[in-house]
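The figures that follow rest on heavy atoms only: side chains count, while hydrogens, waters and symmetry mates do not.
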Amino acid sequence: IYLLGKRPFLIPINLRSQVDIFYVFRIKEKRDIDYLQDRLRCDFPKDASKLEQGECIIFRDDEKPKIYHFDKFIILIP
């Protein structure tokens, strides 16, 4: 199952409970950050509100979270 949501705490619990991998992009809502830190039971390696465009934190079961950057988000202006 793939699911994309803007507000994680609003996703029904029967879907949220089955998630194995979280990709967390820039989040500005404190409620969302608090929910994810509680759900994932770990601290973010970088402040989620300060992530750059295309940058995300990947959380996988039983692994240390890591920061990743998707290059396709880079916009080049000549």
Side-chain angles (χ1 to χ4, degrees):
I1 297 174
Y2 291 93
L3 178 69
L4 176 65
K6 191 170 183 176
R7 304 296 306 270
F9 72 94
L10 294 176
I11 297 170
I13 189 69
N14 57 344
L15 290 176
R16 285 191 320 234
S17 64
Q18 298 180 52
V19 175
D20 295 323
I21 303 170
F22 283 88
Y23 291 84
V24 177
F25 291 88
R26 186 181 320 156
I27 302 173
K28 295 187 179 187
E29 294 289 333
K30 181 163 176 24
R31 185 174 179 185
D32 293 328
I33 293 169
D34 292 344
Y35 164 77
L36 286 168
Q37 284 182 326
D38 184 54
R39 166 67 169 81
L40 299 169
R41 294 182 182 93
C42 65
D43 293 326
F44 289 12
K46 182 176 180 179
D47 184 348
S49 67
K50 293 183 174 33
L51 291 170
E52 301 295 326
Q53 183 174 0
E55 190 175 35
C56 72
I57 305 169
I58 301 174
F59 296 89
R60 295 177 192 263
D61 285 345
D62 301 324
E63 289 184 20
K64 184 177 177 183
K66 62 182 176 181
I67 296 175
Y68 185 81
H69 192 274
F70 289 92
D71 292 333
K72 291 193 180 227
F73 282 88
I74 296 175
I75 299 171
L76 300 175
I77 300 174

Closest non-hydrogen atom pair, Val19 against Arg39:
O-NH2, 3.8 Å

Those residues that, when tested against Tyr23, pass ring-ring contact (aromatic ring centres under 6.0 Å, His included) (two or more places apart):
none

Side chain to side chain, Leu36 and Ile27, heavy atoms closer than 4.5 Å:
yes

Interatomic spacing from CG in Asp32 to CZ in Arg7 - rounded to 0.5 Å:
4.0 Å

Rounded distance (nearest 0.5 Å) linking atom CG of Asp61 with atom CG of Leu40:
9.0 Å

I need the Leu10 CG to Arg31 CZ distance, nearest 0.5 Å.
7.0 Å

Straight-line distance of Glu52 CD to Lys46 NZ, nearest 0.5 Å:
5.0 Å

At their closest point, which heavy atom of Arg26 faces which heavy atom of Leu51, and how far apart are they?
NE-O, 2.8 Å

Separation between CD (Gln37) and SG (Cys42), nearest 0.5 Å, reads 8.0 Å

Sorted by chain and number, sequence neighbours left out, ring-ring contact (aromatic ring centres under 6.0 Å, His included) with Phe44 holds for Phe59

Rounded to the nearest 0.5 Å, the NZ atom of Lys28 sits from the NZ atom of Lys50 at a distance of 10.0 Å

Compare every heavy atom of Ser17 with every heavy atom of Asn14, then report the nearest pair and how far apart it is.
O-OG, 3.5 Å

